[in-house]
Amino acid sequence: MARLPREFYLGDTVEIAQQLLGKYIARRLPQGGDLVCRITETEAYVGRCDKACHAYNYRRTPRTSTLFGPPGTAYVYLIYGMYHCLNFVTEPEGEPCAVLIRGARPVENGDIIAKNRFGCKMEDMSAYQRKNFLNGPGKLCRGLLLTRDQNGLDLTDGEGPLYVCDGLAPERVCTGKRIGIDYAQEAVDFPWRFYTED
């Protein structure tokens with residue numbers, strides 16, 4: 001599968017968050033093979049106007065410096081001291097914007113992803129585990145073995161271990177408020193969460 005080019009990530013962050021639905025995330029394993037998932041849920045974050053963004057009003061710290069990098073860069077951060085979250089940097093370099101990948105469905109090597117999450121094969125997962133397999137950013141990162149070690153990776157690098165490929169756009173895109181940003185004042189109400197049920 002061909003990797004999405006850097007130009008894909010250059011556009012408007014909110015539009016890219018919608019366009020990423022149906023695309024495929026691939027994580028190349030050191031021992032060979034790829035873990036592949038289809039993106040089902042995203043959230044947009046725009047630093048220049050969005051109080052929910054880590055780099056709101058162009059606030060630059062060691063943690064947020066990746067957000068100011070080239071579009072098509074992976075921004076991976078840790079929350080609550082235990083969960084990693086995967087984002088794709090968007091818009092021109094210097095504009096701190098990104099799309100959080102909130103959920104996905106396994107496409108290739110699902111048994112390995114299930115083992116990373118639950119220590120078992122997909123066929124041995126309980127109904128609860130199936131429902132909550134990759135339906136959250138921390139769950140997705142655990143399933144794909146993503147940590148801060150992958151922060152700053154170039155998603156467009158032809159030889160890189162993390163990349164995104166084109167896929168079929170969903171028939172229907174649902175929109176809603178983003179999750180877990182109660183502190184963000186008016187930005188709480190921005191309808192910048194996108195998800196698909198197909």
Side-chain angles (χ1 to χ4, degrees), residues 2-28 39 41-80 83-104 137-138 140-141 144 146-167 169 173 175-195:
R3 299 171 187 237
L4 293 179
R6 195 171 310 281
E7 290 73 27
F8 172 84
Y9 303 96
L10 266 172
D12 177 79
T13 300
V14 176
E15 292 179 2
I16 292 170
Q18 297 171 70
Q19 293 165 3
L20 279 166
L21 295 174
K23 302 285 193 286
Y24 296 98
I25 303 174
R27 165 82 157 99
R28 182 157 294 150
I39 299 172
E41 186 176 357
T42 62
E43 288 180 351
Y45 290 86
V46 180
R48 61 184 167 272
C49 64
D50 178 7
K51 292 178 182 174
C53 182
H54 293 165
Y56 168 64
N57 202 25
Y58 297 92
R59 182 175 62 243
R60 191 167 191 154
T61 67
R63 181 196 198 196
T64 66
S65 60
T66 305
L67 280 170
F68 292 83
T73 299
Y75 171 48
V76 184
Y77 62 86
L78 190 67
I79 57 170
Y80 310 129
Y83 302 117
H84 289 91
C85 296
L86 172 65
N87 301 256
F88 301 154
V89 175
T90 53
E91 303 201 19
E93 188 167 354
E95 284 293 330
C97 302
V99 174
L100 170 67
I101 309 304
R102 280 203 59 87
L140 176 64
C141 283
L144 296 182
L146 297 173
T147 68
R148 285 278 298 165
D149 289 342
Q150 284 70 52
N151 182 55
L153 285 179
D154 183 354
L155 301 168
T156 68
D157 178 358
E159 301 299 322
L162 184 65
Y163 57 100
V164 183
C165 300
D166 208 358
V173 173
T175 303
K177 297 179 183 180
R178 294 170 296 177
I179 295 171
I181 58 165
D182 295 343
Y183 57 86
Q185 298 179 352
E186 72 279 357
V188 167
D189 294 320
F190 293 177
W192 287 357
R193 174 176 165 248
F194 306 99
Y195 58 99

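In what follows, residues are counted from 1 in the order of the sequence shown.
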Next on the checklist: Is the shortest side-chain heavy-atom distance between Ile25 and Arg27 below 4.5 Å?
Outcome noted: no

Checklist entry - Any side-chain heavy atom of Arg28 sitting closer than 4.5 Å to one from Tyr163? => result yes

Next on the checklist: Between Arg48 and Cys97, is there a side-chain heavy-atom distance shorter than 4.5 Å?
Outcome noted: yes

Next on the checklist: Within this structure, what is the OG1-CG distance for the pair Thr147 and Leu86, rounded to the nearest 0.5 Å?
Outcome noted: 11.0 Å

Next on the checklist: Counting only heavy atoms from other residues, nucleotides and ligands, does the tally under 6.0 Å from CD of Glu159 exceed 12?
Outcome noted: no

Checklist entry - Looking at side-chain heavy atoms only, is the closest gap between Leu140 and Glu41 below 4.5 Å? => result no

Next on the checklist: Check whether Gln150 reaches the backbone of Val76 with its side chain - one donor and one acceptor, N or O, closer than 3.5 Å.
Outcome noted: no

Checklist entry - Distance-only, no hydrogens or angles: does the Asp50 side chain make a donor-acceptor pair with backbone N or O of Ala52 under 3.5 Å? => result yes

Checklist entry - With side chains defined as the heavy atoms from C-beta onward, is the minimum distance between Phe88 and Ile39 less than 4.5 Å? => result yes

Next on the checklist: Can you confirm whether Ile181 sits close enough to Tyr45 that some side-chain heavy atom of one is under 4.5 Å from a side-chain heavy atom of the other?
Outcome noted: yes

Item to check | Side-chain heavy-atom pair Lys23, Phe8 within 4.5 angstrom cut-off | outcome: yes

Checklist entry - Has the side chain of Thr66 got a donor or acceptor atom that lies under 3.5 Å from a matching backbone atom of Thr73? => result no

Item to check | Shortest non-hydrogen separation from Thr13 to Ala98 and the atoms involved | outcome: CG2-O, 3.5 Å

Item to check | From CD (Glu91) to CG (Leu67), nearest 0.5 Å | outcome: 11.5 Å

Checklist entry - Looking at CD of Glu43 and CZ of Arg178, how far apart are the two atoms once the value is rounded to the nearest 0.5 Å? => result 6.5 Å

Item to check | Cys85 versus Leu100, closest heavy-atom pair with distance | outcome: CB-CD1, 3.8 Å

Checklist entry - Could you walk me through whether Tyr9 and Thr156 pass the side chain to side chain contact (heavy atoms under 4.5 Å, CB included) check? => result CA-CA 10 Å; Tyr9 303 96; Thr156 68; 4.1 Å; yes

Checklist entry - Which heavy atom of Pro71 sits nearest a heavy atom of Pro92, and at what distance? => result CD-C, 4.5 Å

Item to check | Value rounded to 0.5 Å, distance of CG in Leu10 from CD in Glu95 | outcome: 11.5 Å

Checklist entry - Looking at Tyr83 and Gly138, what are the two nearest heavy atoms and their distance? => result CB-CA, 4.2 Å

Checklist outcome for this item: All heavy atoms of Leu153 vs all of Pro161, minimum pair found to be CD1-CG, 3.9 Å

Checklist entry - Just wondering, more than 12 heavy atoms not from Tyr58 lying within 6.0 Å of its OH? => result yes

Checklist entry - Is there a donor-acceptor pair closer than 3.5 Å between any side-chain N or O of Arg60 and the backbone N or O of Pro96? => result no

Next on the checklist: Let me confirm one number: the CZ-CD distance from Phe194 to Glu15, rounded to the nearest 0.5 Å.
Outcome noted: 9.5 Å

Item to check | Plane angle bin for Tyr77 and Tyr75 - parallel if under 30°, tilted between 30 and 60°, otherwise perpendicular | outcome: tilted

Item to check | Side chain to side chain, Asp189 and Lys177, heavy atoms closer than 4.5 Å | outcome: yes

Next on the checklist: Let me confirm one number: the CZ-CG distance from Arg3 to Asp154, rounded to the nearest 0.5 Å.
Outcome noted: 9.0 Å

Checklist outcome for this item: Closest non-hydrogen atoms of Leu78 and Arg148, given as atom of the first, atom of the second and distance, are N-CD, 4.3 Å

